[in-house]
Amino acid sequence: MDLSAINPVLLIASLMVAATPLLLAAIGETVVEKAGVLNLGVEGMMIIGAIAGFATAVESGSPLLGFVAAAIAGAALSVLFALLTQFAQANQVASGLSLTLFGLGLSALMGQSYVGIKPPQMGKLDIPVLSDLPVIGPILFGHDLMLYFGIALTAAVWAVFKFTRVGLILRAVGENHDAAHALGYKVIKIRILAILFGGACAGLGGAYISLIRVPQWTEGMTAGIGWIALALVVFASWKPWRVLLGAYLFGGVTVVQLNLQAAGVAIPVEYLAMSPYLITILVLVILSADKSSAPAALGRNFHASR
Amino acid sequence: MIRLEKRPQPSRAWSMATPLVAVLATMFFGGLLFALLGKNPFEAIATIFWEPLFGEFAFYYRPQLLVKGAPLVLIAIGLSLGFKAGIWNIGAEGQYIMGALFGAGVGLAFYPLEAWYIFPLMVIAGGFGGWIWAMIPAILKTRFGTNEILVSLMLVYVAEQFLASMSLGLLRNPEGHGFPGSRNLNSYESANSWISENAGMHWGVVAAMIAVIFAYVLLNRHMTGYHIRLTGEAPRAAKFAGVNPARLILFCLGTSGILAGLAGLFEVSGPSGQVSIDFNVGYGFTAIIVAFLGRLHPVGILLAGGLMALTYIGGDIAQSNLQLPSSAIQVFQGMLLFFLLAFDLLTNFRIAIGKPEAA
C-alpha cells in the first residue's frame with residue numbers, strides 16, 4: 001500500500017470530472033421534479049445520451065457535435081415519458097422504469113459496432129499563465145468545456161428559479177397544479193418542456209461519461225449513475241447549489257475509492273466499489289427525515305376535467 | 001375535437017384487453033425494428049413466438065419455458081403485492097443474488113455430505129437471504145421515511161459487487177484451477193433443485209405455482225390482501241380503516257424479498273448450477289415488466305411470465321438462426337411495457353369526440 005502515490009491536486013481535478021455527469025443529470029432532474037414530475041428514467045436517458053454522443057463524435061470527429069446529439073437523444077427518449085405520463089396519464093414510477101429498461105436495451109443495440117473504439121478527444125481549456133499555475137491551474141483552469149458548462153448550468157437554473165417569472169410558474173405547477181391551471185397556466189405544456197430539459201441534461205451527462213470520463217463505450221456503462229443522480233436531487237432538497245455540492249461529494253467518493261484501489265489498500269476491490277452506492281443510501285437515510293422542501297405535487301398526474 | 005373523459009370506474013374489458021393490444025403493438029413495432037436491422041420481420045416474429053412452441057425443436061424448447069418462466073413468475077408475484085399498494089421494490093435483482101448466495105453458501109458448507117435435509121435448509125437460507133436484503137429498504141422506509149425505490153436499487157449494485165467478491169473468494173471452487181465460480185451444485189446430489197431436467201421441472205417451478213395460488217388467496221380471501229388493495233386504490237380510506245402502513249411495507253417488501261431470494265436459490269442450484277460473477281441475467285428487472293403485463297393479478301402474471309419466457313427463448317433462437325442481436329430482445333421487452341402503459345389510458349379514460357356536454 002502506498003498512499004503517498006495519491007496526488008491531492010490531481011485527486012481534486014479528477015473529482016470534478018467524476019462529478020460532472022452526476023451534476024448534469026441531477027440538475028436536469030431537479031427542474032423536472034420542481035415541475036412536479038418524477039422521472040425515474042434518468043439512467044435510461046443517460047445511457048442513450050452516452051451512446052448517441054459517442055457514435056456521433058466518432059462518426060463526425062467532433063466531440064462537441066457528440067454532446068449536441070446526446071442532448072437531442074436524451075430529450076427524444078424523454079418525449080416517450082412525456083407522452084405516457086402527460087397524455088396517457090400513466091403512472092410516473094412505472095413509466096420511468098420502462099424508460100430505463102427500454103433505454104438500456106436500445107443503447108446496447110445501437111452501440112454494438114462501437115465497442116473498443118476510442119472517441120475523438122475533447123480539447124482542454126488552456127489559458128496561458130493561468131492554466132500553468134501550480135495547484136490552482138489544474139483544478140480551476142485545466143478542464144474541458146463541458147465541465148464548466150455543468151457549473152454554468154447550475155448557476156443558470158438557480159437564477160431562473162430565484163429571479164424569473166418562468167421559475168415561479170414552474171414552481172407553481174409543481175406545488176399545486178390545480179391552482180396553476182386555474183390561473184391559466186398550461187400545466188401539461190410546462191411539464192412537457194421541463195421533462196424535455198431533463199432528458200437533454202441526462203443525455204449530456206451520459207455523453208460526458210462515454211466521451212470524457214471513461215472514454216469509450218461499453219454496454220450498461222452508466223452503472224447506476226442515473227439512479228445516484230435521482231438520489232442526489234433528494235439529497236440537495238431540490239436546490240441547485242446543493243446539487244453541485246452533492247455531486248462533488250459523490251464524485252469525491254468515487255475518485256478516492258478508485259485511488260485506493262490503485263494504491264492497493266488491504267480492502268478488497270469489490271468492497272471499495274460498493275462504497276458509492278452504500279454512501280448514497282446512508283445520505284438518503286440522513287436526509288430523508290426532512291421532506292418539507294419536496295414539491296407538493298411531485299409524482300401526481302394532472303388531468304383537466306373541465 | 002378529441003377529448004379524454006375519465007371513466008367513473010376503470011373498464012374491466014379494457015383492463016383485460018390492454019395486455020393483448022400491447023403485445024400486438026409490440027409485435028408490429030418490434031417487426032419494424034427488426035426490419036431496420038435488416039432482418040425479415042415476419043421471420044423474426046415467427047421465430048420468437050412460434051418456433052419455441054411449435055417449431056421443429058419444440059420438444060427441447062418447451063421445457064425451457066418452465067425454466068425461464070419460473071423465476072420470472074416467482075419474483076413478479078412478490079413485486080405485484082407491493083406495486084398494488086404503491087410500495088416500489090425495484091431491487092429484486094439484488095434480492096435474487098443474495099438469495100442465491102445464502103442458499104448456495106449453505107449447500108456448499110455441507111459439501112460433500114449427502115443428506116435429505118440439506119436442500120430444505122438451502123431453501124430456507126435462500127428465502128432468508130432475499131428477505132434480509134429486502135428488509136434494508138423496508139426498515140429504512142418505516143423508520144426514516146427513506147425512498148424505497150432508490151435504496152432497493154442501490155442495493156442491486158452492492159449485491160453485484162458482493163457476488164463478485166464471493167465467487168472470486170469465499171465460495172470459489174477449491175478444485176476449480178483458480179477459475180472464478182463455485183462448485184457445480186448440479187453434480188452435488190443433495191443440493192440439486194432439479195426434479196426432472198428433461199421436462200424442465202425443478203423446485204422453482206413448483207414454488208412459482210404455489211406462489212400464484214398463495215397470492216390469489218391472499219388478495220381475494222385474506223385481510224392483508226384487502227389492506228394491500230385498499231392502500232393502493234384509496235390510501236385515505238385505508239388510513240381510516242386502520243391499516244398500519246409500516247406493517248404493510250414490511251410485509252410487501254419482505255414477501256417480495258423472500259420470493260426473489262427463492263428464485264435465486266432455485267436458479268443457482270438448478271439451471272445455472274453454480275455461483276459465478278454473471279450468473280444473474282436480469283430476471284429481477286424483467287419481472288417488473290411481467291408484473292405489469294400480468295395486471296398485478298396472480299393469474300395474469302402466470303400468463304405474462306410464460307410470454308416473457310417465450311421472448312427469452314425465441315430471442316435466443318433468433319440470435320443463433322437470424323443473427324438478431326440479443327439486445328434487440330431487450331428493446332422488444334422494454335417496448336412491451338411502454339405500450340402496456342400507453343394503452344392503459346383506455347382502461348381509465350374514454351375517448352370522446354365532440355364538445356363536452358353541459359353539466
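All chains are named by letter (A, B, ...) in the order of the sequence lines, taking the proteins before the strands, and each is independently numbered beginning at 1.
Within the 4.5 Å cutoff, side-chain heavy atoms of B/Cys252 are placed close to those of B/Ile228. A heavy-atom distance below 4.5 Å is not found between the side chains of B/Leu140 and B/Glu148. When side chains are defined from C-beta on, B/Phe162 counts as touching A/Met274, because their heavy atoms get closer than 4.5 Å. Side-chain atoms of B/Phe144 and B/Ile139, non-hydrogen and from C-beta on, never get closer than 4.5 Å to each other.
Atom OG of A/Ser107 and atom CD of A/Gln112 lie 11.0 Å apart (nearest 0.5 Å). Interatomic distance, CZ of A/Phe102 versus CD1 of B/Ile289, reported as 11.0 Å (0.5 Å rounding).
Listed by sequence position, A/Leu40, A/Glu43 are the residues of residues 23-56 of chain A in contact with chain B, using a 4.5 angstrom heavy-atom cutoff. Listed by sequence position, A/Ala223, A/Gly224, A/Trp227 are the residues of residues 217-227 of chain A in contact with chain B, using a 4.5 angstrom heavy-atom cutoff. Using a 4.5 Å cut-off between non-hydrogen atoms, the part of residues 82-95 of chain A that approaches chain B consists of A/Leu84, A/Phe87, A/Ala88, A/Gln89, A/Ala90, A/Asn91, A/Val93, A/Ala94, A/Ser95. Taking 4.5 Å as the heavy-atom cut-off, the residues of residues 330-341 of chain B that approach chain A are B/Gln330, B/Val331, B/Gly334, B/Met335, B/Leu337, B/Phe338, B/Leu341, ordered by number.
For the options B/Phe292, B/Tyr157, B/Phe343, heavy-atom pairs under 4.5 Å to chain A are most numerous at B/Tyr157. Between chain B and the residues A/Ile281, A/Leu278, A/Leu101, A/Thr280, the largest count of heavy-atom pairs under 4.5 Å involves A/Ile281. Heavy-atom pairs under 4.5 Å with chain A were tallied for B/Asp344, B/Leu33, B/Leu345; the largest tally goes to B/Leu345.
The heavy-atom pair separating B/Ala164 from A/Glu270 by the smallest distance is CB-CG, 3.8 Å. The two residues A/Val253 and A/Pro276 make their nearest non-hydrogen contact at CG1-CA, 4.0 Å. Heavy-atom minimum distance, B/Ser152 versus B/Asn89: CB-OD1, 3.8 Å. Between B/Pro137 and B/Leu155, the shortest heavy-atom distance links the atoms CD-CD1, 3.6 Å. Closest approach of B/Thr311 and B/Met308 over heavy atoms only: OG1-O, 2.6 Å.
No side-chain donor-acceptor contact under 3.5 Å links B/Arg295 and B/Ser80. One side chain, A/Glu59 or A/Tyr114, offers a donor N or O that lies under 3.5 Å from an acceptor on the other.
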Q) Going through the checks in order, is the side-chain contact (heavy atoms from CB on, under 4.5 Å) test met by A/Tyr277 and A/Ile228? A) CA-CA 8 Å; A/Tyr277 307 109; A/Ile228 296 184; 4.0 Å; yes
Q: Let me see the working for A/Gln216 and A/Ser210 under side-chain contact (heavy atoms from CB on, under 4.5 Å), right down to the final yes or no.
A: CA-CA 5 Å; A/Gln216 58 169 334; A/Ser210 65; over 6 Å; no
Q. After noting the C-alpha distance and the side-chain angles of A/His177 and A/Arg191, does the key distance pass the side-chain contact (heavy atoms from CB on, under 4.5 Å) rule?
A. CA-CA 10 Å; A/His177 48 217; A/Arg191 285 192 169 163; 3.1 Å; yes
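Neither the backbone nor the side chain of B/Ile136 has a heavy atom closer than 4.5 Å to any heavy atom of chain A.
Note on ring orientation: taking the six-membered ring where Trp is involved, the planes of A/Phe235 and A/Phe250 are perpendicular (angle over 60°, cut-offs 30° and 60°).
Between the side chain of A/Ser275 and the backbone N or O of A/Tyr271 there is no donor-acceptor pair closer than 3.5 Å.
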